[in-house]
Q: 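One structure coming up, written as structure tokens, with questions to follow.
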Amino acid sequence: MSTDNTQKKILIIEDEVSISDIIKFNLTKEGYRTETAYDGKAGLEKALAGDCDLILLDVMLPLMDGFEVCKKVREVSSIPILMLTAKEEEVDKVLGLELGADDYITKPFGMRELIARIKANIRRSEFPKEQAELPADVKDFGNLQIDMNRYEVRKNGKPLELTLREFELLRYLAEREDKVFSREQLLEEVWGYEYYGDIRTVDVTVRRLREKLEDDPGDPRYIMTKRGIGYYFRRQ
Ligand code: CA
């Protein structure tokens, strides 16, 4: 068992005690510390206490559902959120991502897969902190400036609030101006691991990014669609 997880604390917000227990058991075995909540309200309170490194968040919860919890946490925190969604609830995945969840995993899931996702999302969340130590590396695209190292984007001098994924997608495309990438390529390159082929994740992230980036998200200037192929960043 690895020992480098010992400092990491995972908040499990899940009302089904049997599922919560088995997750807790497996995470503890892997060296994580855990905290549990069995309804959305208690979960939100614990999430806002701010001493966890990642949140596992069920969708269907008593008192407050997972989407509401996700939205409220995102208002104040960029902590990684991994949603637990039921297989038949396809729409949940997209909605969760739109509300700012970093990732989702479909029930029933294997513990190895869950732990791999947890590791990947924690690693990803720590990356910007390391990057922030690096010198600024600002690329200028007309009225848009992207600091490739420090995860900062400014438009007309004003900082944009992007999520980690949105920034990474933007950076990936902007570093490769005019080159078109398929959704599958972007999933692999930007999300960084096998993503079980749900390419709508890319579409949702592009849509969110355009809403923040573009003057008219319906007529984008930066993140362009290549019909039938994918997306690219247009040379300004
Ligand atoms: Ca539930």
Side-chain angles (χ1 to χ4, degrees), residues 67 70-71 73-81 83 90-104 120-121 124-125 127-132 134-193 195-236:
F67 296 130
C70 181
K71 211 170 97 188
V73 171
R74 267 297 163 268
E75 286 168 8
V76 296
S77 164
S78 61
I79 182 173
I81 299 175
M83 307 267 317
E90 286 287 307
V91 64
D92 287 358
K93 300 172 185 173
V94 174
L95 185 55
L97 294 170
E98 289 195 349
L99 291 173
D102 297 273
D103 204 353
Y104 57 82
N121 280 283
R124 195 156 282 271
S125 74
F127 190 55
K129 286 179 217 148
E130 294 162 19
Q131 297 272 305
L134 295 173
D137 174 21
V138 180
K139 296 258 186 308
D140 203 320
F141 302 97
N143 56 0
L144 185 73
Q145 283 82 38
I146 307 174
D147 188 328
M148 300 295 187
N149 278 347
R150 291 183 173 171
Y151 285 70
E152 286 167 4
V153 181
R154 284 173 181 274
K155 190 179 173 193
N156 300 321
K158 279 174 67 181
L160 300 182
E161 293 288 327
L162 302 187
T163 66
L164 185 53
R165 299 277 196 207
E166 289 160 4
F167 180 86
E168 289 184 337
L169 179 63
L170 174 63
R171 180 173 66 177
Y172 188 82
L173 292 172
E175 279 177 334
R176 296 159 183 83
E177 281 175 274
D178 279 343
K179 189 164 167 18
V180 181
F181 294 92
S182 70
R183 293 163 175 82
E184 288 84 356
Q185 283 175 315
L186 292 171
L187 273 180
E188 215 175 298
E189 297 297 329
V190 177
W191 275 253
Y193 54 98
Y195 211 73
Y196 301 87
D198 196 341
I199 55 172
R200 279 174 310 168
T201 304
V202 177
D203 298 329
V204 171
T205 309
V206 165
R207 192 161 75 235
R208 287 171 53 99
L209 189 52
R210 279 176 175 159
E211 278 164 12
K212 297 177 181 179
L213 200 65
E214 306 281 357
D215 290 332
D216 178 3
D219 182 22
R221 292 186 45 196
Y222 297 105
I223 308 290
M224 310 302 291
T225 302
K226 186 80 175 173
R227 198 172 288 277
I229 303 178
Y231 297 105
Y232 65 102
F233 186 92
R234 183 159 71 185
R235 189 183 299 277
Q236 303 299 308

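Below, all heavy atoms of this structure are taken into account, side chains as well, without hydrogens, waters or symmetry copies. All values derive from a computational prediction rather than experimental measurement. Position 1 is the first residue of the sequence, and the numbers go up from there.
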Q: How would you list, by chain and number, every residue that makes a side-chain contact (heavy atoms from CB on, under 4.5 Å) with Glu161, sequence neighbours excluded?
A: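 By the side-chain contact (heavy atoms from CB on, under 4.5 Å) rule, Glu161 matches no residue at all.
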Q: Is any side-chain heavy atom of Asp215 closer than 4.5 Å to a side-chain heavy atom of Lys155?
A: yes
Q: Please list, chain by chain and in numerical order, all residues satisfying salt bridge (Lys or Arg N to Asp or Glu O under 4.0 Å) with Arg235, sequence neighbours excluded.
A: Glu177, Asp178
Q: Quick check for you: to the nearest 0.5 Å, what is the distance between Leu209 atom CG and Ile223 atom CD1?
A: 5.0 Å
Q: For the residue pair Asp102 / Asn121, report whether a side-chain donor-acceptor contact shorter than 3.5 Å exists.
A: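 No - no donor-acceptor pair under 3.5 Å links their side chains.
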Q: Any donor-acceptor pair under 3.5 Å linking the side chain of Glu152 with the backbone of Ile146?
A: no
Q: Can you tell if the side chain of Gln185 reaches within under 4.5 Å of the side chain of Val202, non-hydrogen atoms only?
A: no
Q: List the residues meeting salt bridge (Lys or Arg N to Asp or Glu O under 4.0 Å) with Lys139, not counting sequence neighbours, and say none if there are none.
A: Asp137
Q: Looking at side-chain heavy atoms only, is the closest gap between Arg165 and Val190 below 4.5 Å?
A: no
Q: Taking C-beta and beyond as the side chain, do Asp203 and Tyr231 meet within less than 4.5 Å on heavy atoms?
A: yes
Q: Check each of Asp216, Asp219, Thr225 against Arg210 using the side chain to side chain donor-acceptor pair (under 3.5 Å) test, and report the only one that passes.
A: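 Testing each of Asp216, Asp219, Thr225 against Arg210, the sole residue satisfying side chain to side chain donor-acceptor pair (under 3.5 Å) is Thr225.
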Q: Return the set of residues passing side-chain contact (heavy atoms from CB on, under 4.5 Å) with Glu175 (not counting sequence neighbours), or none when no residue passes.
A: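 Expected list: Met148, Arg171.
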Q: Heavy atoms only: give me the nearest Lys179-Tyr232 pair and the separation to one decimal.
A: O-CB, 3.2 Å
Q: How about Phe233 and Tyr172: are their ring centroids closer than 6.0 Å?
A: no
Q: Output yes when a side-chain donor or acceptor of Gln236 lies under 3.5 Å from a complementary backbone atom of Arg234, and no otherwise.
A: yes
Q: Going from CG on Leu170 to CZ on Phe141, what distance comes out if it is rounded to the nearest 0.5 angstrom?
A: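 Going from the CG atom of Leu170 to the CZ atom of Phe141 covers 7.5 Å.
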Q: Are any of the side-chain heavy atoms of Glu189 and Phe181 separated by less than 4.5 Å?
A: no
Q: Are any side-chain N or O atoms of Ser77 and backbone N or O atoms of Ile79, one a donor and one an acceptor, separated by less than 3.5 Å?
A: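 Looks like yes, one N/O pair under 3.5 Å.
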Q: Side chain to side chain contact (heavy atoms under 4.5 Å, CB included) between Val138 and Arg154: does it pass, once the steps are laid out?
A: CA-CA 10 Å; Val138 180; Arg154 284 173 181 274; over 6 Å; no
Q: Measure across Arg183 and Ile229 and return the closest heavy-atom pair with its distance rounded to 0.1 Å.
A: NH1-O, 4.0 Å
Q: Would you check if Val153 and Asp147 make a side-chain contact, meaning some heavy-atom pair closer than 4.5 Å?
A: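 Contact flag for Val153/Asp147 side chains = no.
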Q: Using the side-chain contact (heavy atoms from CB on, under 4.5 Å) criterion, which residues pair with Lys158? Sequence neighbours excluded.
A: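 Testing Lys158 for side-chain contact (heavy atoms from CB on, under 4.5 Å), a comparison that skips the adjacent residues, returns none.
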Q: Give me the atom names and distance for the closest heavy-atom approach of Ala101 to Cys70.
A: N-SG, 3.6 Å
Q: Given side chains that start at C-beta, do those of Leu186 and Leu173 come closer than 4.5 Å, heavy atoms only?
A: yes
Q: Decide if atom NZ of Lys71 counts as having more than 12 heavy atoms of other residues, nucleotides or ligands within a radius under 6.0 Å.
A: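 Not buried by this count: 12 neighbours or fewer within 6.0 Å.
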Q: Can you check whether Thr205 reaches Glu168 side chain to side chain, under 4.5 Å on heavy atoms?
A: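 Of all side-chain heavy-atom pairs linking Glu168 with Thr205, none is under 4.5 Å.
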Q: Could you measure the distance from the OG atom of Ser182 to the CD atom of Glu188? Nearest 0.5 Å is fine.
A: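 That separation rounds to 9.0 Å.
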Q: Under the salt bridge (Lys or Arg N to Asp or Glu O under 4.0 Å) test, which residues partner Glu166, sequence neighbours left out?
A: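 With neighbours one apart ignored, the set is Arg208, Lys212.
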